[in-house]
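Below, chain A is the first sequence line, B the second, and so on; all start at residue 1. All values derive from a computational prediction rather than experimental measurement.
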2 protein chains.
Amino acid sequence: MAPRKKQAPDSTTTSPVSMADLARELGVSMTTISRALSDHHSIGPAMKQKVLKLAKKYNYQPNRLASALRKGKSQLLGIVVPYIEGRFFPSVVHGIETAASRAGYNVIICQSNEDVAQERRNLDILLSAQVAGILVSLSRTTLDFRHFEKVRGRGLPLVFFDRIVEGDNVNAVVLDDQEGGYVSTRHLLNQGCRRIAHLAGPQHLNIYKNRRQGYLDALREAGLPEDESLILYSDMAQDQGAEGMRQLLALPTPPDGVFAAGDYCALGALQEAHRQGLRVPEDVAISGFSNETFTVITQPPITTIDQRCEEMGQAAVRLLLELIEADGRPFTPRQVALRPELLVRGSSDRLPPAPAGPLRDPSAKFIGTVA
Amino acid sequence: MAPRKKQAPDSTTTSPVSMADLARELGVSMTTISRALSDHHSIGPAMKQKVLKLAKKYNYQPNRLASALRKGKSQLLGIVVPYIEGRFFPSVVHGIETAASRAGYNVIICQSNEDVAQERRNLDILLSAQVAGILVSLSRTTLDFRHFEKVRGRGLPLVFFDRIVEGDNVNAVVLDDQEGGYVSTRHLLNQGCRRIAHLAGPQHLNIYKNRRQGYLDALREAGLPEDESLILYSDMAQDQGAEGMRQLLALPTPPDGVFAAGDYCALGALQEAHRQGLRVPEDVAISGFSNETFTVITQPPITTIDQRCEEMGQAAVRLLLELIEADGRPFTPRQVALRPELLVRGSSDRLPPAPAGPLRDPSAKFIGTVA
DNA sequence: TTGTATGCGTTATCAT
DNA sequence: ATGATAACGCATACAA
């Protein structure tokens, strides 16, 4: 037998109202109730009103479990991220939740803690929960991708974001890092810099490789030589930025601009420049990458690249919804590369103020958006 | 009729395996399968092994929807937060997800966007989803709490965190702000400060009122006078911190310590002190509140109060699980106040280094933990 | 120890 | 336009 209806443990507790209850009360069938509530075409407007009114009166809440079980699909999307901290992932999740809830979906969130095993378990859980689709950003320890085949095997829509499985047979959304490096460097060129250094990250990571490539692209386009002595590699920490700046300033001809592939690194560089009595941006212009929160509170604030976290989440959801709607019909996998956004701030803005106009108002948070 | 089994849209797609499938294959009843999988006592070890093996072979995934529908309770917890951004909420959510998943629950996350209407809708959705319990941090526009009665009416466990409904008939977890103010001020006293100013926040907000009270408590305990000229009120923004510091330094007898009720405010104060050529912490010691990310990257790093975001999430989950396990039996509501943690950093640490010992190692991230 | 039968709440099919 | 009924997958009371 079914478990006895959960009784009111105390008299204040009410048990939920079901369609059957409404049907009984109105003396009609459950079918009619269901149709009225889901706005089926073959339902009399009078009847529909009666049902809706009663539903409201009893504060009827559809049981989504039952509905999903019957239909074989829930209104839930699964998210798997390495963790929910820092600036990046929370913002992406924010974007995802916002877009999903607008489309009538809710999200169930899982952390892999950078652990493949946990990532695998998360996928199993999400499959169990009968989610309608899954959004994944890979854990750092994920080198083998077979567990995702299980998802594909189920025909379940799957979209990667940021940390993706490479290849053109997956659906994925990433930031265009190369464009970011390019735009940053072009900006420094536009500010009059002619000797631009690059504080680069580990080149086995795609993001850093691409940012460096964008930097080189801009230099080449401007007809400037590629000078390896101006490219310093590190892990992008604050003190490594300082150390890098120290080395650059010790060169026979120090640079007049520095493109750092990360904000912490840029911060270290900025602080070191100040320590050496240089003015930023007049003596050396600096730009970073990622739009970390602190970049607006330094003096001067640091020019940087926004990674469009929210847009990434939204784009990922859009793609996932397309897949869901395709409902198993052939769908050509797509990789989306988001345009990074350059935020010009004090650390690099050294052109004379333009003739009065709102865009160059110094109080404006940022100027210059890549279209 | 049921919808035809979702057919393989292409030949690579497999439909999920159900208990019935396993039962058929083994020539036993579904009951046996169910019992074997849920480790029921009345099941033969031999049979159990057979079932488990087959389940693995077919990669059986229980359908949690069906299970939850049958049992009337899902393994889902609902979270309602104003938004998932900044430092605080993501960290709390991190703590919640971690604790929940350890206990075998998954979380479905909703944002209210500081909007009561949205908050109400979120609650309805979570009720619809048959979650086992709900965790809420109130939206800023929530002044009327009737929508939570609906949850209580359903007998559904409910725990508030951080932004809570005041009263002793609710379950809630908050940070002990008064203790935070007290500990910060005591620390400044211990550093030799004798004239301690307070950059206070809007006093209609409990958090700021309590932080101020803690400050006063510490002063009184130390036998120092309460001096209103040393308390400046603002909205706690960076530039207001700078302005506050300016005013304080213009006093006939400027303070030798400043307890700011927020980190941005403390940062502004720090920058202003530097502008005026003062040394921090030698001339004036400064401490903030919230352990914002940037507090470790300033020079000197800023002493602050950690709000124990993760612990808050974990504590909230623990409380919620207790409620769930109580299963409707009488439960005396509980309010938990978390101990804030003082992080002593360069902006206030001006005692001579103690005789060599790991605790005073300058490379240590923080020193001095409130037990 | 195992099997039979039923119901959780919803929706889809078929009939009226 | 409305109703009767079965089925989604699982778990349990009861019988054997």
* Counting any heavy atom closer than 4.0 Å, what does A/Leu69 reach on the DNA or RNA strands: base, sugar-phosphate only, or nothing? -> base

* Asked: Taking only residues two or more places apart in sequence, or in another chain, which ones meet A/Tyr60 in a ring pair (Phe, Tyr, Trp, His ring centres under 6.0 Å)?
  -> none

* Name every residue in residues 29-37 of chain A that has at least one heavy atom under 4.0 Å from any atom of DNA chain C, in order of residue number, or write none if there are no such residues. => A/Met30, A/Thr31, A/Ser34, A/Arg35

* To the nearest Å, how far apart are B/Lys73 NZ and C/dC8 C1'? -> 13 Å

* Asked: Counting only heavy atoms not in A/Lys150, do more than 12 sit closer than 6.0 Å to its NZ atom?
  -> yes

* What nucleotide among D/dA1, C/dT10, C/dC8 has an atom nearest to a side-chain atom of A/Ser42? -> D/dA1

* Asked: Want to settle it: does B/Ala66 or B/His41 sit nearer the 5' end of DNA chain C, counting the closest nucleotide to each?
  -> B/His41

* Could you tell me the separation between the CG atom of A/Leu22 and the P atom of C/dG9, rounded to a whole number of Å? => 12 Å

* What is the distance from NE2 of B/His40 to P of D/dA11, rounded to the nearest Å? -> 11 Å

* Taking atom types as modelled, find out whether B/Gln118 and B/Ser139 have a side-chain donor-acceptor pair closer than 3.5 angstrom. => no

* With a non-hydrogen cut-off below 4.0 angstrom, is B/Leu65 in contact with a base, only sugar-phosphate, or nothing? -> nothing

* To do: Return the value, rounded to whole Å, for the distance between atom CD1 of B/Ile43 and atom P of D/dT12.
  => 14 Å

* Modelled atom types, side-chain donor and acceptor of A/Asn169 and A/Arg152, under 3.5 Å -> no

* Asked: Taking only residues two or more places apart in sequence, or in another chain, which ones meet B/Lys53 in a side chain to side chain donor-acceptor pair (under 3.5 Å)?
  -> none

Can you give the donor-acceptor pairs under 3.5 Å from side chains of residues 75-83 of chain A to other protein atoms, not counting sequence neighbours?
from: A/Gln75; atom 1: NE2; to: A/Gly104; atom 2: O; distance (Å): 3.0

* **Salt-bridge contact A/Asp124-A/Arg121 (side-chain N to carboxylate O under 4.0 Å)** => no

* Among C/dT10, D/dT12, D/dG9, the nucleotide that comes nearest once only the side chain of B/Lys71 is considered -> D/dT12

* Value in whole Å for how far the P atom of D/dC10 lies from CZ of A/Arg70 -> 16 Å

* To do: State which residues pass ring pair (Phe, Tyr, Trp, His ring centres under 6.0 Å) with A/Phe88; sequence neighbours excluded, sorted by chain then number.
  => none

* To do: Rounded off to whole Å, could you give me the CE-to-C1' distance for the A/Met19 and D/dA4 pair?
  => 16 Å

* Structure fact -> In short, the helix from C/dT1-D/dA16 to C/dT16-D/dA1 is bent end to end, axes from five pairs each side, to 10°, by 40°

* To do: Tell me yes or no: between the side chains of A/His40 and A/Ser42, is some donor less than 3.5 Å from an acceptor?
  => yes

* Asked: Roughly how many Å is it from CG in A/Asp39 to C1' in C/dT11, rounded to a whole number?
  -> 15 Å

* Give the rounded distance in Å between these two atoms: CD of A/Gln75 and P of C/dT11. => 11 Å

* Structure fact -> Against the side chain of A/Tyr60, the closest entry in D/dC10, D/dT2, C/dT10 is C/dT10

